[in-house]
Amino acid sequence: MNVSTEALRDMHLRMVRIRTFEEEAGKLMESGRVPGSLHLYVGEEAVAAGVMAHLRDSDQITSTHRGHGHLVAKGGDFKQMYAELFGRSTGYCKGKGGSMHISDLDLGMLGANGIVGAGPPIAIGAAFSNQYRKTDNVTVCFFGDGASNEGTFHEAANMAAVFKLPVVFVCENNGFGEFTRQERHQAIQDVADRASGYGMPGVVVDGMDVMAVYEAAGEAIMRARRGGGPSLLECKTYRFYDHVGIRGLGVAYRDDSEVLEWRKRDPITMFERKLDEEGLLSAGEAAGIHETALAEVREAIAFAEASPFPDASALLEDVYTATD
Amino acid sequence: MNVSTEALRDMHLRMVRIRTFEEEAGKLMESGRVPGSLHLYVGEEAVAAGVMAHLRDSDQITSTHRGHGHLVAKGGDFKQMYAELFGRSTGYCKGKGGSMHISDLDLGMLGANGIVGAGPPIAIGAAFSNQYRKTDNVTVCFFGDGASNEGTFHEAANMAAVFKLPVVFVCENNGFGEFTRQERHQAIQDVADRASGYGMPGVVVDGMDVMAVYEAAGEAIMRARRGGGPSLLECKTYRFYDHVGIRGLGVAYRDDSEVLEWRKRDPITMFERKLDEEGLLSAGEAAGIHETALAEVREAIAFAEASPFPDASALLEDVYTATD
Amino acid sequence: MTTVEAKPTRQLSYVAAVSEAFAQLMREDPDIFLAGEDVALGGSVFGVSRGLLKEFGPERVIDTPISESGIIGLGLGAAATGLRPIVDIMFMDFMGVCMDEIVNQVAKMKYMFGGKAKLPLTIHTMAGGGGSMAAQHSQSLEAWFCHVPGLKVVMPSGPYEAKGLMVAAVRDDNPVIVINNKVSLRMQADVPEELYEIELGRAHVVRPGTNFTIVAIGRMVPESLKAAEMLAADGLDVEVIDPRTLQPFDTATVVESVRKTHRALVAHEAVRFGGIGAEIAAQIQEEAFDYLDAPVGRVGAPFSPVPFSPPLEKEYIPDAGRVAAEVRRILGKQV
Amino acid sequence: MTTVEAKPTRQLSYVAAVSEAFAQLMREDPDIFLAGEDVALGGSVFGVSRGLLKEFGPERVIDTPISESGIIGLGLGAAATGLRPIVDIMFMDFMGVCMDEIVNQVAKMKYMFGGKAKLPLTIHTMAGGGGSMAAQHSQSLEAWFCHVPGLKVVMPSGPYEAKGLMVAAVRDDNPVIVINNKVSLRMQADVPEELYEIELGRAHVVRPGTNFTIVAIGRMVPESLKAAEMLAADGLDVEVIDPRTLQPFDTATVVESVRKTHRALVAHEAVRFGGIGAEIAAQIQEEAFDYLDAPVGRVGAPFSPVPFSPPLEKEYIPDAGRVAAEVRRILGKQV
Ligand SMILES: Cc1ncc(C[n+]2csc(CCOP(=O)(O)OP(=O)(O)O)c2C)c(N)n1
Ligand SMILES: Cc1ncc(C[n+]2csc(CCOP(=O)(O)OP(=O)(O)O)c2C)c(N)n1
Ligand SMILES: [Mg+2]
Ligand SMILES: [Mg+2]
């Protein structure tokens, strides 16, 4: 595939921004500075970056409980994101949503979601809306291997296929639903095998290879944009950290050796090596990008912590829209 | 396949008993003598008969809103069934359930069900129980083409496969969910295509041919009984009458010619022709079987109509079990 | 919002009032579509969408697969991205199948997102018993939804209310659950031809009276009017209030009435224990305690699933006689 | 059924009390198994099933796919065919995902089948806010289930209740929903080592008093005890009642108390509108109208989803201070 240097560097930037956002967020949670629980995206960055590289602001996505990465890749603002994690009134959701509900409708991000499997039905609604209004917008629905066992996924996939909706289902198969390994939650190896049961194409790609994701996602999104209907793209990836928070090593449900094996295939390191080899981004440049991202994150954290908590009077606001 | 004459005649009897039960029940509903709405099984008898021929009393089934045929084939008593349709205290459910909830737990019939897609989760529970108690009982889950789009089917099928449960999912694909033709409710032609997405075998058979059903069901049930796990058997069939009640012709959602085409393949007529040709059951004998069934139905109706309605005091009984 | 309660002009059935509302709304606003099981080709099993497919075509009147979670999601995603969907859940009993979508997604999206979402979504459904449809096709589950912040809930009591409340629900920029009643579908009443709205959140005093207040929900409104007639024969002047909207609930109108009559009961078809009648009774005694001459009564279904057998079902579902008897019991107690 | 309320012997946490109940019950009865998401290898995200996989093996402690409808069906089908399952729905907020199975299948199967089914099924879940888990992981939805004939509902207020009620729930031949509280999990109390049952349907007077009755649900019991201490400083002698079981509800014990104290409020974490407090308040005024010196009060969450931000969440969830303030308000009103 012929991809411009600009596009490659753009994907690299998205991945680095996610990673940096997550590393710092994780520490803030572990130290108790950020309340609640965070589900970190570290290790899975190539999926969000490779998919989102094809999307416009007017395209929509639905996300999961592990949603920061999606919002960062869709163009989310660090300040409003961190302010949300800190529960401040300057956050994307005015502090009412927190990590599990982080969203920006204006960016077409229809919400991180605390209910596993809640995204697919919402995604087909947005896709239907695009079709109804005769736009060529596309909706991408992110969901996990665990979520693929929820009835909602099934219903949405079937409806998308029968209505030929412009939606792409992207399964982030990180091999686990919480502590349960895929082989113990389903008798298949590829979630993509389910696609044919709905009458849509299903594809499996290496989710640690941003180029592979980029290529496959590009095809699926283009098909949807052109009225060719939905498809299912499965990205095999891995969660470097724990289900919630950082740890991730020395846990009962997986061997450290497995984690370390996957970490050797860190999507960012691999991509940087490739870009460096091809002379498209030097190690020095890459380091600079990491530094800039970290500076931005620090600035965002400072902004968030300096922001006020919502006033008690905000409690009952935003429950309903005033109809005029 | 080598099937004893006795087994063949047994299946024929089951089909005739269903047909006769249904024809009379339909008339009773249309004339208002039986309250509520009945979903008739006429045209689909080969499925229940071909499957149930392999089951013991200790095996379980879950049924649907179209449940009379399943209960008749599982050995249901006409008197208690009609009494239930008439809402009498002598009915299987003491008049509390009616057509949509007709059941006999003692026969392993875990209920007709008013909720489309409710059967599969219950079926895997019964199958789990059989596995847990180390019996070799099997559970058969009947469901429609329409029901195959409910999330519950998906969840149950996946759990059955990953737990290797002794359950057989039998899809009665009659081409419609109410007034919606299959091609408008799913983008696939064979519901059996979904099986591979769960990691189980899927088979399609002619659901108007009781021998075809018998053979395929026998294999699936034997596999389950021997610990080989679940499978999905799709039987292509057709509902001769309307979604509710009799009519069935002259309706907006399907052409009469289609109905008449399918009626030419009436599962009972076809089977009788075959049995006659092979000298296993003469036309005269068949007529006698129909007559006997009709006499039994009439007797059951008389019994039902002579039975008392439940007393008002029954209203609050059977909500809870008294724990000793 | 101003309410235009137009002049009645002709008799219409409840079912025709609903479908007229759908048609007129869809003519007015191209962003409105209707989706649900068998609403298009079948015109809905209750007939509420008959004729719509023909007029508006399959783009706007959509038969869906039997996938209730998908249907609510379809409505939610479309509402969040600028459309004004009406989605149909055939029987209210099926709400359990898509409860998460209604309660955790539809109701909370706006709040969780800090107010950014506007969700003009109408969820239409049919409730109530009376047709020997048994335990899974006869329930009245409004109490569940009234307990959920983010939703509005209306329960029309007749054809006039069915049209006017539907119009208000669809035009509202919030998720509204419209709960129509099966048995009432053939009920006839004067219904204006034009589009009119009945303001959400405003109760209606259907029959003014001085001795007793009956707050009647949905189909219990006509039953309570009958009861009031029966009681009038005893010389009792009963006021009947139709809240029309259950969430938000018009406490003021009810309390004002009770301060005048000093006695009240709430009547609904739903199971009595934990029904919306409990909330209304609790509010009445909170707000009008010093005016009450007797405890606030409640008429509702007894504590069992809905039975199939006609005599049992008749015993189960409250009617005018039971309402009147409860009024008498409350008054008797007081003597 | 006789209730053995054994002598306390040692301090145990709420979470340990629950897992001890599971372990002892499973030792006693081989028909009991536990299934749910991450209950085996993970020991449940709340730790309530820690150690069980090791002792009972993967046949009896079962990790399921993320398929809540499937999980409830697994329990129901197994219960209907002779086992005594315990199934876990991780957060009560997820009940919407399997609401049909609970409400239309589990609750109604026995009745619809004319009584033939015996359904000894326990559905365990965790409710409540307080951990900044936001709108979809903090709810208290008990009112939904109390409205559904066929179900029993218990909400333990502490470690002693958590063990005793779990034992009673699992041994009961009916579907029982056991709603434990997240924030209470670390609470310590005296808990007997042996298996003991707390009878379902019987309320417990936790603190006797003469001036005011607080009916407190779940975690509001310790909060109300604190409130009672605060009010004792004002010279007020408050009685605190823990219903323990919400369905069936022990009206008699509550009414007896109110006839003595003449004033009451109900406190729960759930949203106030349509919460179980409405039912209890309605019942109190029905049964003790002539004894009441003031309206029955209700303390519950305001009408919004549960917010994430800690100061908002603190504002949202009722506590001892709010309970005490409401008692004072009710008394003040009366003056
Ligand atoms: C309906 C529902 N069930 C269970 C949970 C608890 N839960 C949160 S995340 C999770 C695992 C999800 O696995 P997967 O979909 O693979 O996503 P991953 O966490 O691996 O990214 C579970 C079980 C939930 N939030 N919602
Ligand atoms: C959850 C739910 N949704 C919708 C219905 C209404 N309904 C009853 S039967 C039916 C069609 C079912 O189609 P299928 O599963 O193919 O069975 P068939 O009637 O063709 O035998 C529908 C939509 C229902 N009873 N339950
Ligand atoms: Mg996963
Ligand atoms: Mg069908």
Side-chain angles (χ1 to χ4, degrees), chain B residues 60 62 84 89 91-98 100-106 108-115 117-133 137 139 150-152 154-160 162-163 165 310 314 316-324, chain D residues 1 30-31 33 35 59-60 62-83 85 87 97-98 100-101 103-121 148-152 168 171-176 199-200 247-248:
Chain B
Q60 302 96 357
T62 61
E84 191 54 38
S89 63
Y92 266 127
C93 314
K94 301 182 188 163
K96 290 176 180 173
M100 253 191 301
H101 307 297
I102 204 158
S103 83
D104 182 13
L105 278 179
D106 296 336
M109 158 65 162
L110 300 176
N113 212 309
I115 300 295
I122 299 172
I124 61 162
F128 175 86
S129 175
N130 293 330
Q131 186 185 64
Y132 187 94
R133 288 179 291 137
N137 292 334
T139 307
E150 287 280 14
T152 46
H154 177 73
E155 297 190 7
N158 181 65
M159 278 173 79
V162 74
F163 294 155
L165 297 178
L316 293 175
E317 288 166 10
D318 303 320
V319 184
Y320 294 98
T321 302
T323 297
D324 30 45
Chain D
M1 191 179 55
D31 286 341
F33 69 90
E59 288 78 24
R60 296 184 65 194
I62 299 140
D63 280 332
T64 66
I66 312 177
S67 305
E68 286 79 8
S69 296
I71 293 169
I72 301 292
L74 189 81
L76 175 58
T81 54
L83 298 180
V87 294
V97 178
C98 49
D100 182 73
E101 280 67 33
V103 164
N104 280 330
Q105 311 304 327
V106 168
K108 297 182 174 48
M109 185 186 269
K110 182 180 180 69
Y111 191 81
M112 292 188 307
F113 294 1
K116 261 192 187 173
K118 189 179 101 176
L119 300 170
L121 169 64
V148 178
L151 301 177
K152 296 187 179 183
R171 286 185 180 160
D172 197 281
D173 283 341
N174 295 284
V176 185
E199 188 182 343
L200 300 187
Q247 189 57 271

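Within every chain, numbering begins at 1; the chains are lettered A, B, ... in the order of the sequence lines, protein sequences first and strands thereafter. All values derive from a computational prediction rather than experimental measurement.
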Partner chain D: residue of B/Gly98, B/Ala126, B/Gly111, B/Gly97 with the largest heavy-atom pair count (under 4.5 Å)
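The option with the most such pairs is B/Ala126.
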
Interchain contact, [X] with chain B, by part (heavy-atom threshold 4.5 Å):
{"X": "D/Gln105", "answer": "side chain"}
{"X": "D/Ile72", "answer": "neither"}
{"X": "D/Pro30", "answer": "backbone"}

For the side chain of [X] and the backbone of [Y], is there at least one donor-acceptor N/O pair under 3.5 Å apart?
{"X": "B/Thr321", "Y": "D/Lys118", "answer": "no"}
{"X": "D/Glu68", "Y": "D/Val97", "answer": "no"}
{"X": "D/Lys110", "Y": "B/Asp318", "answer": "no"}

Is chain D contacted by the side chain of [X], its backbone, both, or neither, given a heavy-atom distance below 4.5 Å?
{"X": "B/Val162", "value": "side chain"}
{"X": "B/Asn130", "value": "neither"}
{"X": "B/Tyr320", "value": "both"}

Just to verify, what does B/Cys93 make a side chain to side chain contact (heavy atoms under 4.5 Å, CB included) with, not counting sequence neighbours?
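B/Cys93: side chain to side chain contact (heavy atoms under 4.5 Å, CB included) contacts with B/Glu84, B/Ser103.
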
Got D/Lys108 and D/Val103 here, is their nearest side-chain heavy-atom distance under 4.5 Å?
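Yes, close enough: below the 4.5 Å cut-off.
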
Run the salt bridge (charged side-chain N to carboxylate O under 4.0 Å, His left out) test on B/Asp104 and D/Lys116 for me, step by step, so that the C-alpha distance in whole Å, both residues' side-chain angles and the decisive distance to 0.1 Å come before the verdict.
CA-CA 8 Å; B/Asp104 182 13; D/Lys116 261 192 187 173; 2.6 Å; yes

